[in-house]
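What follows is a set of notes on a single structure, which appears directly below.
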Amino acid sequence: MENTNTEQRKTIFSGIQPSGNITIGNYLGALRNWVKLQYEYDCLYCIVDMHSITVRQNPAELRRRSLEVLALYLAVGIDPEKNIIFLQSHVPAHAELAWVLNCYTMFGELSRMTQFKDKAAKHPENVNAGLFTYPVLMAADILLYQADLVPVGQDQKQHIELTRDIAERFNGIYGETFKIPEPYIPKEGTKIMSLTEPTKKMSKSDTGGGSISMLDDRDTIVRKIKRAVTDSGSEVKYAEGKDGINNLLTIYAGFTRKTIAEAEKEFEGKGYGDFKLAVAEVVADELGRIQAEFNRRLADKEQLNAILKNGSERAAYLARKTLSKVYRKVGFYILEK
Ligand code: ATP
Ligand code: LTN
C-alpha cells in the first residue's frame, strides 16, 4: 500500500556513478530496491557524475552514460513523478557542502576507507585527492537532504558510517544541523560477486567476463554464465567456500524472487550445467524486458532532459536550505537580501 501521509514519510537518498556499464550487481544490490522504496518514502535518486571523475573518464562516454543511467532508472520502474531524479553536477550545493565537510573529516578516517585502498591499488597512476575525499562528497550528498535512510549494497556501509561520524561531529560543535542517516541494506543480493573471480565483487569497471551488464544481450549472458567459475563439486547447494555456486544461487534467487533454499530444492539431483543454463535464462528474460523499455526511454531525449531539469530544480531547493544553515553556523558572513 502506498503511504500517502507525507507528514510521516521518511527521506531516502541514493546514487549510482555513471561510470562503466551498470551491472546486475547494481540492479540486485541497489536499483531494484529503489523501485520498492518509492511507494513508502520521499526518494531522491541521483546520478553521481562528480564521483565518477575520481577515476579517469572519457568525456563523451561520461556524457552518454549519464543519460543512459537515467533511462535505466526509468526502465526498471523508478517514477520521475514520485521521486526526485537528477544529476549531481546540476546541483552546486553538493560541491559546496563537500568543501565544508572536508574541514570536519580527518585524514586518518579517510585513510581507513577500504574503497579508497582498493581503487588506489587498482589505479596507482592516478591516486588523486578526489579519490581520497570521495566519501566526503558522498556525505554531502546524503546530509544535504536530511536523508533518514540510504539504500546501498554492502560495500558502501563503511561510507555511511563515516557520514554519520561527520554529521555527529558537526552537530556536536554547532548544534543540531544534520539528520543522522541509517544505511538500508537488503538481506539478499547485497553483494553479487564477479563470475570469473567470485571472491571479488562484481563491478561496473570490470570489462572482462566477470560482470553482466544490464545491457548485455542473451548470447553474451549465456556465454558469461556458462564460463562462470565454479568448484569441482556437483551439488547445487549453498556452502562455505563454494563462492562461485553461492554467487549463482544468489543471482538465481534474486531474479526469480525465490529464497536460496527454494532454489536449491529446485536443482536437487541436477548438475552445474543445467543450473547454469537456468540462471542464464532468468537473467536474460528479465534484462530483455528492461532493455526494451530502456531503448524506448533513451530515444526520447526531450523527455529525459525535462526530467533532469525538473529534478535538479526540486533538489536544489531542498539542498539550499541545509547549505544556508551550514554557512550560517560555521560563521560565513551572509548578505541581507
Ligand atoms: P565501480 O565498479 O565503478 O566502483 P560499482 O559497480 O561499485 O562501481 P557504484 O556506482 O559504486 O557501482 O554503486 C552503485 C550501487 O550499487 C551501490 O549502492 C552499491 O552498493 C551497489 N553495488 C555495486 N556493486 C554491487 C555488487 N556487486 N553487488 C551488490 N550491490 C552492488
Ligand atoms: N559511493 C556510492 C555512490 C554514491 C552514493 C551517494 C550512494 C555517491 N553518493 C550517496 C548513496 C548515497 C557507490 O555506490 N559507490
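Just so you know, ligand 1 is whichever comes first in the structure, and atom 1 is the first atom listed for that ligand.
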If the cut-off is 4.0 Å to any non-hydrogen atom of H51, which atoms of ligand 2 fall inside it?
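Matching atoms, with element in brackets: 8 (C), 9 (N).
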So which of V152, V48, T23, D155 gets nearest to atom 20 (O) of ligand 1, if we judge by its closest heavy atom?
D155
Among Q17, K204, K119, which one has a heavy atom closest to atom 4 (O) of ligand 1?
K119
Shortest protein contact, [atom] (heavy atom only):
atom                    : result
atom 15 (N) of ligand 2 : Q156 NE2, 3.0 Å
atom 3 (C) of ligand 2  : G15 O, 3.6 Å
atom 9 (N) of ligand 2  : D141 OD2, 2.7 Å
atom 1 (N) of ligand 2  : Y134 OH, 2.6 Å
atom 10 (C) of ligand 2 : F13 CE2, 3.5 Å

Can you list every salt bridge (Lys or Arg N to Asp or Glu O under 4.0 Å) pair that touches residues 221-231, not counting sequence neighbours?
D216-K224
Output the rest of the hydrophobic cluster of W99: all Ile, Leu, Val, Met, Phe, Trp and Tyr residues reachable through side-chain heavy-atom contacts under 4.5 Å, sorted by chain and number.
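Joined to W99, directly or through intermediates: none.
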How about H159 and F116: are their ring centres within less than 6.0 Å of each other?
no
Test item: Y104 and I173 side chains (from C-beta on) under 4.5 Å apart, heavy atoms
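The answer is yes, as the side chains (C-beta and beyond) meet within the 4.5 Å cut-off.
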Considering the heavy atoms of G29, write down every atom of ligand 1 situated less than 4.0 Å from one of them.
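The atoms of ligand 1 under 4.0 Å from a heavy atom of G29 are 29 (C), 30 (N).
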